[in-house]
Amino acid sequence: MLQVSYIRENREQVLERLAVKNFKQPELVDEVVKLDELRRQTQNTLDGISAEANAAAKQIGELMRTGKKEEAEIIKSKSNVWKEEIKKLSEQYAKVEEELQQKIVLLPNLPHSSVPKGITPEDNEIALEHGKKPELYAGALPHWELAAKYNLIDFELGVKITGAGFPVYKGKGAKLQRALIAFFLDEAEKAGYDEMMLPLVVNEASGFGTGQLPDKEGQMYYIGEDKLYLIPTAEVPITNLYRDVILKADELPVKNCGYTACFRREAGSYGAHVRGLNRLHQFDKVEIVQVVQPETSYQVLEQMSGHVQSLLQKLELPYRVLRLCGGDMSFASALTYDMETWSAAQQRWLEVSSVSNFETFQSNRLKLRFRNAEGKTQLAHTLNGSALALPRIVATLLENNQTEKGIKIPEVLVPYTRFEWID
RNA sequence: GGUGAGGUGCCUGAGAGGCCGAAAGGAUCAGUUUGCUAAACUGACGUACGGGAAACUGUACCGAGGGUUCGAAUCCCUCCCUCACCGCCA
């Protein structure tokens, strides 16, 4: 959520930045400014009248105590006028504020100045490419066929017990999942992230805090009986740990990581390009989150991007880093890097991580502040990234490392899998 | 699921219609003192939104929402949450 005071003082710049994000309702900005103006006016009059009424009430108390009943009655008779006025104005104020709130949550975050203009994924900027795309032997298979051939993943069994998009991992397939999770967590810990194990369901307030609600409820599984949502990412519970919190300056940066299963409804997205592990309703992911001082957030973003890249390098996967264009960025982000690995058998890039700086967009909703050098409260910056999401990593690993005699496990993973080959 | 207790500031906890944005203690920060540490003493110490160049100042907030009243943390209603015990259970 953008800050009203910022919009009010930087109207032109806000409009210009929103255009980069290809935002379709720029008129909302002026509506917000107008509502804010009305809000402040209303508060001004309301406060004034309340002040008078408060003073009068105090005076009545004083008069009653000193036994001057008649004088008290005189003032009392007047206070009915204030009472009605106050009621009317408070209702008006509440209404204006609600309208303002409804409008302002529709405004996406402003993109950073380095965000390329553009609308579709084709407009994303390739920041760098690393590693060599492997040449596969003639009989190479896509991962869903490898998964069946080596009995690693059973999609049909998942359909039977739950539905499409809920795979069952078996044998070495299951162990590979566990190995990757442990590897990712260990690497995050080495990079200074404190590990958390978190609830997989969250309440409405948490959904609002990170921006899934209102509006995107269709993407989350909802447990109506208890009014709880299954998390689409660990970002939600981790970031919400700091909802309504004022941190001390020396507590920053906060660095947390956590493994969770993630649940996404992905309503309406079926087809060839989402075959196998390419898109699931339930998947595993290790997430990294940082809460930092505003001046440092872009430096931290690079550092987080570096961490994700180091994981891909250690896994010996060819990858590229995209700087997302305005149109392809998420609602809440100011700058996002996507990491994609090259899937040799599918001959396409697969998104395996997304690292974003949200600046104050989330913290404003969360009321996540810190006490700055002047002792004043100030909104912190939040960042997060996948480090990493498993399914497409598994897909790429299986496909890229396949040989005639089986699938070779990358060296760094062997201590975790305790096998070198899937054969 | 049943029964009971309770939600007050960073924490513990008092307050039971006006003197309450809220005692006291702890924590924290600043200062004084002692050779260091520790202790003692003194002071500061909620948040948000307005107004103001600033000093400062107005309003709101004691789980949430409504009501009674000139006046509500305090009385009434509704809801939410937490804890304890019982039942069930990994």
Side-chain angles (χ1 to χ4, degrees), chain A residues 1-9 32-105 197 199-209 213 223-229 237 240-252 254 261 291 360 362-380:
Chain A
M1 186 166 66
L2 296 176
Q3 290 165 266
V4 196
S5 54
Y6 184 85
I7 299 174
R8 161 167 94 214
E9 283 154 30
V32 163
V33 170
K34 223 159 138 194
L35 282 167
D36 175 53
E37 180 63 37
L38 181 59
R39 186 192 113 250
R40 283 183 300 151
Q41 264 176 28
T42 312
Q43 184 182 346
N44 242 313
T45 18
L46 175 60
D47 281 2
I49 295 169
S50 300
E52 279 182 58
N54 285 345
K58 216 163 220 170
Q59 213 181 336
I60 291 169
E62 188 63 34
L63 291 169
M64 295 294 247
R65 202 167 327 108
T66 50
K68 296 174 184 161
K69 268 213 163 143
E70 296 91 69
E71 283 182 53
E73 288 301 328
I74 294 169
I75 304 174
K76 240 193 218 188
S77 62
K78 283 194 230 162
S79 47
N80 281 320
V81 185
W82 288 322
K83 211 179 164 185
E84 265 172 54
E85 195 74 4
I86 286 170
K87 193 173 173 178
K88 209 178 79 191
L89 280 168
S90 318
E91 275 165 15
Q92 201 177 316
Y93 182 85
K95 210 180 118 203
V96 172
E97 194 169 54
E98 201 197 320
E99 261 178 70
L100 177 61
Q101 182 74 6
Q102 277 172 2
K103 298 254 155 113
I104 203 167
V105 296
M197 201 158 215
L200 303 179
V201 291
V202 293
N203 58 28
E204 205 171 316
S206 296
F208 179 82
L213 299 174
I223 306 164
E225 205 174 350
D226 297 301
K227 295 186 185 152
L228 296 172
Y229 295 85
N240 272 283
L241 295 172
Y242 305 98
R243 170 154 49 85
D244 282 318
V245 165
I246 302 173
L247 293 159
K248 294 184 194 133
D250 63 11
E251 289 177 299
L252 298 175
V254 169
V291 180
T360 59
Q362 287 185 330
S363 58
N364 191 30
R365 279 188 176 216
L366 292 160
K367 298 200 178 68
L368 198 193
R369 293 148 294 170
F370 71 101
R371 214 167 279 287
N372 63 22
E374 289 93 62
K376 294 238 167 78
T377 59
Q378 188 182 341
L379 293 172

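Bear in mind the structure is a predicted one, so any value in this text is a computation, not a measurement. Convention: sequence-line order gives letters A, B, ...; per-chain numbering from 1.
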Where do N or O atoms of nucleotides 70-77 of chain B meet protein N or O atoms at under 3.5 Å, pair by pair?
{"from": "B:C70", "atom 1": "O4'", "to": "A:S79", "atom 2": "OG", "distance (Å)": "3.2"}

- Rounded to the nearest 0.5 Å, how far apart are CG of A:D244 and CG of A:L368? 9.0 Å
Any N/O pairs under 3.5 Å between the protein and nucleotides 43-52 of chain B? List them or say none.
{"from": "B:U47", "atom 1": "OP1", "to": "A:R371", "atom 2": "NH1", "distance (Å)": "2.8"}
{"from": "B:U47", "atom 1": "OP1", "to": "A:R371", "atom 2": "NH2", "distance (Å)": "2.8"}
{"from": "B:U47", "atom 1": "O3'", "to": "A:R369", "atom 2": "NH1", "distance (Å)": "3.1"}
{"from": "B:A48", "atom 1": "OP1", "to": "A:R369", "atom 2": "NH1", "distance (Å)": "3.4"}
{"from": "B:A48", "atom 1": "OP1", "to": "A:T377", "atom 2": "OG1", "distance (Å)": "2.7"}
{"from": "B:C49", "atom 1": "O3'", "to": "A:R39", "atom 2": "NH2", "distance (Å)": "2.5"}
{"from": "B:C49", "atom 1": "O2'", "to": "A:R39", "atom 2": "NH2", "distance (Å)": "3.2"}
{"from": "B:C49", "atom 1": "O2'", "to": "A:Q43", "atom 2": "OE1", "distance (Å)": "2.4"}
{"from": "B:C49", "atom 1": "O2", "to": "A:Q43", "atom 2": "NE2", "distance (Å)": "2.7"}
{"from": "B:G50", "atom 1": "OP1", "to": "A:R8", "atom 2": "NH1", "distance (Å)": "3.4"}
{"from": "B:G50", "atom 1": "OP1", "to": "A:R39", "atom 2": "NH2", "distance (Å)": "3.0"}
{"from": "B:G50", "atom 1": "O5'", "to": "A:R39", "atom 2": "NH2", "distance (Å)": "3.3"}
{"from": "B:G50", "atom 1": "O4'", "to": "A:Q43", "atom 2": "OE1", "distance (Å)": "3.3"}
{"from": "B:G50", "atom 1": "O4'", "to": "A:Q43", "atom 2": "NE2", "distance (Å)": "3.4"}
{"from": "B:G50", "atom 1": "O2'", "to": "A:N44", "atom 2": "ND2", "distance (Å)": "3.4"}
{"from": "B:G51", "atom 1": "OP1", "to": "A:R40", "atom 2": "NH1", "distance (Å)": "3.3"}

- Message: Under 3.5 Å for both donor-acceptor distances, Watson-Crick or wobble: does B:G7 have a partner, and if so which one?
- Response: B:C80
- Item | Distance-only side-chain donor-acceptor flag, A:D47 / A:S50, under 3.5 Å | no
- What's the spacing between A:L35 CG and A:E98 CD if we round to 0.5 Å? 11.5 Å
- C1' atoms of B:U8 and B:G13, separation to the nearest Å: 9 Å
- Message: Just the rounded figure in Å: distance from P of B:C11 to NZ of A:K248.
- Response: 12 Å
- Message: Return the pairing partner of B:G1 with a 3.5 Å limit on both distances, Watson-Crick or G-U wobble; otherwise return none.
- Response: B:C86
- Query: Does B:A30 have a Watson-Crick or wobble mate here (both distances under 3.5 Å), and if so which one?
  - Reply: B:U42
- Task: Sticking with atom P, work out how far B:G58 lies from B:U68, rounded to a whole angstrom.
- Result: 28 Å
- Euclidean distance for C1', B:U3 against B:G18 (whole angstrom): 39 Å
- Query: In the structure shown, which nucleotide is the Watson-Crick or G-U wobble counterpart of B:A14, with both distances under 3.5 Å?
  - Reply: none
- Query: Does atom CD of A:Q378 have more than 12 heavy-atom neighbours, drawn from other residues, nucleotides or ligands, at distances under 6.0 Å?
  - Reply: yes
- Task: Provide the distance between the two P atoms, one in B:A60 and one in B:U34, to the nearest whole Å.
- Result: 49 Å
- Could you tell me whether the side chain of A:V202 reaches within less than 4.5 Å of the side chain of A:L228, counting heavy atoms only? no
- Whichever of A:A55 and A:K87 has its nearest RNA chain B nucleotide further upstream toward 5': A:A55
- Ignoring hydrogens and angles, state whether a donor on the side chain of A:E97 or A:Q101 is under 3.5 Å from an acceptor on the partner side chain. no
- Message: Are A:L89 and A:T42 packed together at the side-chain level, in the sense that at least one heavy-atom pair is separated by less than 4.5 angstrom?
- Response: yes
- Message: Between B:C10 and B:G63, how far apart are the two P atoms, rounded to whole Å?
- Response: 13 Å
- Which comes earlier along RNA chain B counting from the 5' end, the contact point of A:Q59 or that of A:N54, where each point is its nearest nucleotide? A:Q59
- Test item: A:E99 and A:L38 side chains (from C-beta on) under 4.5 Å apart, heavy atoms: no
- Between B:C75 and B:G17, how far is it from one P atom to the other, in whole Å? 7 Å
- Query: In whole angstrom, what separates A:E225's CD from B:G1's P?
  - Reply: 8 Å
- Item | Partner nucleotide, any strand, of B:C20 [Watson-Crick/G-U, under 3.5 Å] | none
- Task: In whole angstrom, give the distance that lies between atom CZ of A:F208 and atom P of B:A64.
- Result: 17 Å
- Message: Measuring only the C1' atom in each nucleotide, how far is B:C41 from B:G50? A whole number of Å is fine.
- Response: 40 Å
- Note on the structure: The reported gap from NZ in A:K248 to CZ in A:F370 (rounded to nearest 0.5 angstrom) is 14.5 Å
- Shortest non-hydrogen pair, A:I7 vs A:V32, comes out as CD1-CG1, 4.1 Å
- B:G50 pairs with, by Watson-Crick or G-U criteria that keep both distances under 3.5 Å: B:U57
- Message: What is the distance, to the nearest angstrom, from the CG atom on A:L89 to the C1' atom on B:G58?
- Response: 15 Å
- Message: Taking the P atom in each of B:A84 and B:U78, what is the distance between them to the nearest angstrom?
- Response: 26 Å
